[in-house]
Protein chains: 2
Amino acid sequence: MELLDVSMDKRRITIKDIADSLDVTPSTVSRALADNPRISESTKKLIRDKAEELGYEPNLIASTLRKGKSDTIGMIVPGINRSFFSNVISSVEEILNPAGFNLVIIQTHEKTENERRAIRTLLRNRVGAIIMSLSVQTKEYGHLQEITSKGIPLVQFDRVCKEIEGTKIVNDNFQGAYLSVSHLIKSGYRKIVHFTGALNLNVYKERFEGYKTALKDAGLEFDESLVFEYSITRDTGRRNINKAVAELKADALFSSGDFSALGAVDTLKEMGVKIPDDFGVVGYANEQFTEIMHPSMTSVEQNPQEMGNRIAKTIIKILNGEQPDEQVIIPVRLLIRESSWINKTLITY
Amino acid sequence: MELLDVSMDKRRITIKDIADSLDVTPSTVSRALADNPRISESTKKLIRDKAEELGYEPNLIASTLRKGKSDTIGMIVPGINRSFFSNVISSVEEILNPAGFNLVIIQTHEKTENERRAIRTLLRNRVGAIIMSLSVQTKEYGHLQEITSKGIPLVQFDRVCKEIEGTKIVNDNFQGAYLSVSHLIKSGYRKIVHFTGALNLNVYKERFEGYKTALKDAGLEFDESLVFEYSITRDTGRRNINKAVAELKADALFSSGDFSALGAVDTLKEMGVKIPDDFGVVGYANEQFTEIMHPSMTSVEQNPQEMGNRIAKTIIKILNGEQPDEQVIIPVRLLIRESSWINKTLITY
DNA sequence: GTTTTCTGTGCAAACGTTTGTATTTTTGTG
DNA sequence: CACAAAAATACAAACGTTTGCACAGAAAAC
């Protein structure tokens with residue numbers, strides 16, 4: 001707003017400016033600011049004070065270029081608007097930030113093309129490591145190969161691909177599904193349909209296996225026609241539950257995602273089907289709304305907090321040159337709510 | 001897994017490698033890859049092919065250092081786990097990515113200290129611009145001043161501070177509140193309490209003004225004791241609604257946030273108060289759960305999509321050297337649902 | 001056939017750090 | 001006081017690009 005204030009010289013202060021004003025060399029300043037023992041305490045103080053006075057901000061770009069390594073970690077996720085991912089991210093940050101790293105987040109919106117773009121961006125910016133969870137669409141892994149072949153540490157989580165080496169941190173999807181389906185069976189439901197996402201993804205595949213095994217262990221027949229692949233959105237949930245009830249005479253649903261379970265509940269209510277009396281529902285991921293909706297929905301909670309912890313610790317380990325675990329499996333919990341049990345108190349297995 | 005594969009040389013391909021292998025100079029390669037007209041088409045093709053063949057990835061760090069400007073845009077938000085923010089982010093990305101920029105996101109978790117850290121990180125990494133929404137805790141704006149005084153373009157959105165120059169893109173909070181409260185009054189409610197966040201934030205302040213004006217315009221008395229500041233979480237909502245109903249004999253709530261409105265609904269249900277018959281509730285932000293809960297909750301939808309659009313376009317404008325608007329106000333919509341109206345069909349004002 | 005104008009490349013410096021090595025200054029020892 | 005050892009600092013190259021300027025050769029103009 002000041003008329004005089006027009007385009008003052010915006011040149012940023014550099015190490016050289018500090019050096020000149022104190023009549024030392026840039027290398028001394030660099031070492032002083034890095035607290036290098038070769039510099040005397042007295043000059044260190046002098047330099048630090050001057051840096052403060054001039055409003056010096058280190059140029060991390062130059063530093064990264066020279067050192068060849070950056071303390072920025074890239075994190076690629078399908079989307080940040082799902083409680084699981086956003087909680088994992090927060091948890092990773094909580095550890096990585098205090099440790100001096102900083103995290104940049106990129107979303108793929110489930111598209112392989114965006115995933116490629118994201119990886120390219122991070123590689124070109126020479127991030128120190130990449131944390132990622134695959135998009136649904138991804139079925140070919142050349143772009144992941146690029147990461148490791150360029151020597152950048154890669155930590156995969158949740159939706160991982162076994163073909164690529166490096167640490168994989170996953171939930172116990174099999175167990176989550178097994179617990180869910182066993183619980184439905186114990187509650188008296190007998191014809192349980194399964195909504196699932198694209199089975200090329202490990203998470204859905206493993207949950208599907210858990211579903212099958214639970215049926216088998218309970219002496220129930222597995223029926224292929226009860227499985228609905230690509231049924232993971234609220235909308236597909238709405239549509240598919242119709243067929244499940246009307247044609248297949250199902251009496252329960254185990255969905256690999258809360259959203260399609262929600263869609264199913266929408267339709268079931270419209271149809272006048274009583275939950276949980278006539279029909280049991282179990283979702284997956286413990287989205288916020290599962291506890292809020294009516295009836296509240298039984299769901300599998302994946303412990304994103306713990307997953308984030310393990311991811312961050314693995315990153316730090318790798319960057320310290322230590323050997324990380326090849327695989328980490330995080331246990332899950334089944335949160336039993338109204339949608340699958342007459343007794344309305346919350347039980348945890 | 002190959003035993004022979006031990007630590008092969010991971011040195012990355014540079015422009016110089018391409019130059020050497022084609023017997024030209026690095027400058028020619030640089031220009032060719034940048035599609036500079038001074039280079040002949042034939043050598044361009046040669047160079048592009050060789051780059052592809054060698055698996056060259058440009059080093060954006062070096063490029064940024066030399067050019068002094070980066071095409072990375074930093075975005076600082078209170079948290080990514082709120083539908084409003086995560087939707088704004090997605091919308092910003094949708095425009096910025098195709099335009100060749102890439103977005104890095106940092107959360108503050110509502111802490112001024114983290115906000116400072118975030119700004120420092122972005123400045124040190126010499127981002128091309130910063131997009132930000134203030135944390136609740138922030139009451140002093142020196143760190144924002146740093147951004148503009150270093151000549152980095154700053155675009156504030158939603159929670160903004162007028163004292164700092166630069167574009168501010170905000171919702172029409174006054175209007176959102178005014179519509180909400182007027183609607184409650186028209187529906188027959190008379191004693192309307194107001195839950196709000198810290199009034200130092202523009203968003204809460206403006207909504208509070210809207211609340212007051214709506215009361216006044218309807219000929220209702222404004223009563224200070226009906227306003228609950230710092231009542232923005234589910235928990236505070238649960239606690240404060242008790243007093244509102246029991247002591248103050250209120251018959252409706254206009255909350256500046258959906259979460260505290262949700263908490264209020266929790267308690268009202270427990271108390272046996274019928275919604276909307278005995279008590280009307282309007283929230284703010286149109287969180288996902290508002291439509292899913294029972295009764296569904298009337299809420300103000302802030303059009304994060306449009307806000308993201310405007311943010312991204314402003315950024316592009318600034319980076320192109322054009323003069324952006326000083327302020328943009330995005331209209332809001334009141335989504336009337338079950339919690340404030342007997343008629344269950346969705347009406348939009 | 002000489003001069004002028006393009007076209008296409010090369011040269012070298014610069015961006016702001018970091019770091020191995022060299023040099024100066026200080027300290028300690030006999 | 002001379003000299004070695006240690007401490008503190010200086011020098012200069014390097015990281016991988018980009019870019020103003022110089023320059024060679026070819027085409028165009030006279």
Side-chain angles (χ1 to χ4, degrees), chain A residues 9-48 50-51 54-72 123-128 150-152, chain B residues 9-48 50-51 54-72 123-128 150-152:
Chain A
D9 192 7
K10 290 276 173 52
R11 210 182 62 78
R12 314 276 278 265
I13 302 294
T14 74
I15 257 184
K16 188 158 182 315
D17 297 322
I18 302 178
D20 289 348
S21 82
L22 287 177
D23 224 35
V24 293
T25 59
S27 55
T28 303
V29 176
S30 173
R31 288 194 171 99
L33 293 175
D35 205 21
N36 185 309
R38 275 164 51 179
I39 305 297
S40 69
E41 278 308 321
S42 55
T43 46
K44 268 184 197 171
K45 174 146 178 38
L46 230 53
I47 288 172
R48 281 197 273 247
K50 184 56 94 177
L54 297 179
Y56 169 72
E57 283 290 349
N59 186 331
L60 256 35
I61 298 293
S63 170
T64 299
L65 176 61
R66 171 60 229 238
K67 296 206 283 198
K69 270 296 163 209
S70 138
D71 51 6
T72 295
L123 289 180
R124 291 181 173 188
N125 279 291
R126 301 299 193 261
V127 293
K150 294 229 158 77
I152 304 301
Chain B
D9 193 6
K10 290 277 173 52
R11 210 182 62 75
R12 314 275 278 265
I13 301 294
T14 75
I15 256 184
K16 189 160 182 314
D17 296 323
I18 302 179
D20 289 349
S21 80
L22 287 177
D23 226 33
V24 293
T25 58
S27 54
T28 302
V29 176
S30 174
R31 290 191 173 102
L33 294 175
D35 205 21
N36 186 311
R38 277 163 50 182
I39 304 297
S40 70
E41 278 307 322
S42 56
T43 47
K44 268 184 196 169
K45 173 144 178 39
L46 230 55
I47 287 172
R48 282 198 272 250
K50 184 55 95 176
L54 297 179
Y56 169 72
E57 282 291 348
N59 185 331
L60 255 37
I61 297 295
S63 169
T64 299
L65 176 61
R66 171 61 228 240
K67 296 207 283 197
K69 270 296 164 209
S70 136
D71 53 4
T72 295
L123 289 180
R124 290 181 174 189
N125 279 290
R126 300 300 192 263
V127 293
K150 294 231 158 78
I152 304 301

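Here is the naming used below: chain letters follow the sequence lines, and residue numbers restart at 1 for every chain.
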Checklist entry - Without hydrogens or angle criteria, can the side chains of B:Ser30 and B:Ser27 be said to hold a donor-acceptor pair below 3.5 Å? => result no

Checklist entry - For A:Ser40 and A:Thr43, does a side-chain donor sit closer than 3.5 Å to a side-chain acceptor? => result yes

Next on the checklist: Other residues, nucleotides and ligands only: do more than 12 of their heavy atoms fall within 6.0 Å of NZ on B:Lys45?
Outcome noted: no

Checklist entry - If you measure from the Lys or Arg side-chain nitrogens to the Asp or Glu carboxylate oxygens, is any gap between A:Arg126 and B:Glu57 under 4.0 Å? => result no

Checklist entry - Is it true that A:Arg124 and B:Asp71 have a side-chain N and a carboxylate O under 4.0 angstrom from each other? => result no

Of the listed nucleotides ([options]), which one gets closest to any side-chain atom of [X]?
| X | options | value |
| --- | --- | --- |
| A:Arg66 | D:dC11, D:dT18, D:dA14 | D:dA14 |
| B:Arg38 | C:dT17, C:dG10, C:dT21 | C:dG10 |
| B:Ser40 | C:dT9, D:dT17, D:dA10 | C:dT9 |
| A:Ala62 | D:dG16, D:dA10, C:dG16 | C:dG16 |
| B:Lys67 | D:dT19, D:dG16, C:dT9 | D:dT19 |

Mind calculating the distance between [atom1] ([X]) and [atom2] ([N]) to the nearest angstrom?
| X | N | atom1 | atom2 | answer |
| --- | --- | --- | --- | --- |
| B:Arg31 | D:dG20 | CZ | P | 8 Å |
| B:Arg12 | D:dA14 | CZ | P | 21 Å |
| B:Asp17 | D:dT17 | CG | P | 9 Å |
| A:Ile15 | D:dA10 | CD1 | C1' | 15 Å |
| B:Ile61 | C:dA14 | CD1 | P | 23 Å |
| A:Leu33 | C:dG16 | CG | C1' | 13 Å |
| A:Lys16 | D:dA10 | NZ | P | 13 Å |
| A:Leu60 | C:dT17 | CG | P | 10 Å |

Under 4.0 Å, counting only non-hydrogen atoms across every strand here, what does [X] touch: a base, just sugar-phosphate, or nothing?
| X | answer |
| --- | --- |
| A:Ser27 | base |
| B:Thr43 | sugar-phosphate |
| B:Asn36 | nothing |
| A:Ser30 | base |
| B:Leu65 | base |

Checklist outcome for this item: Assert: residue with more 5' nearest nucleotide on DNA chain C, out of B:Thr25 and B:Arg126, is B:Thr25

Item to check | Contact nearer the 5' end of DNA chain D, comparing A:Thr28 with B:Pro58 | outcome: A:Thr28

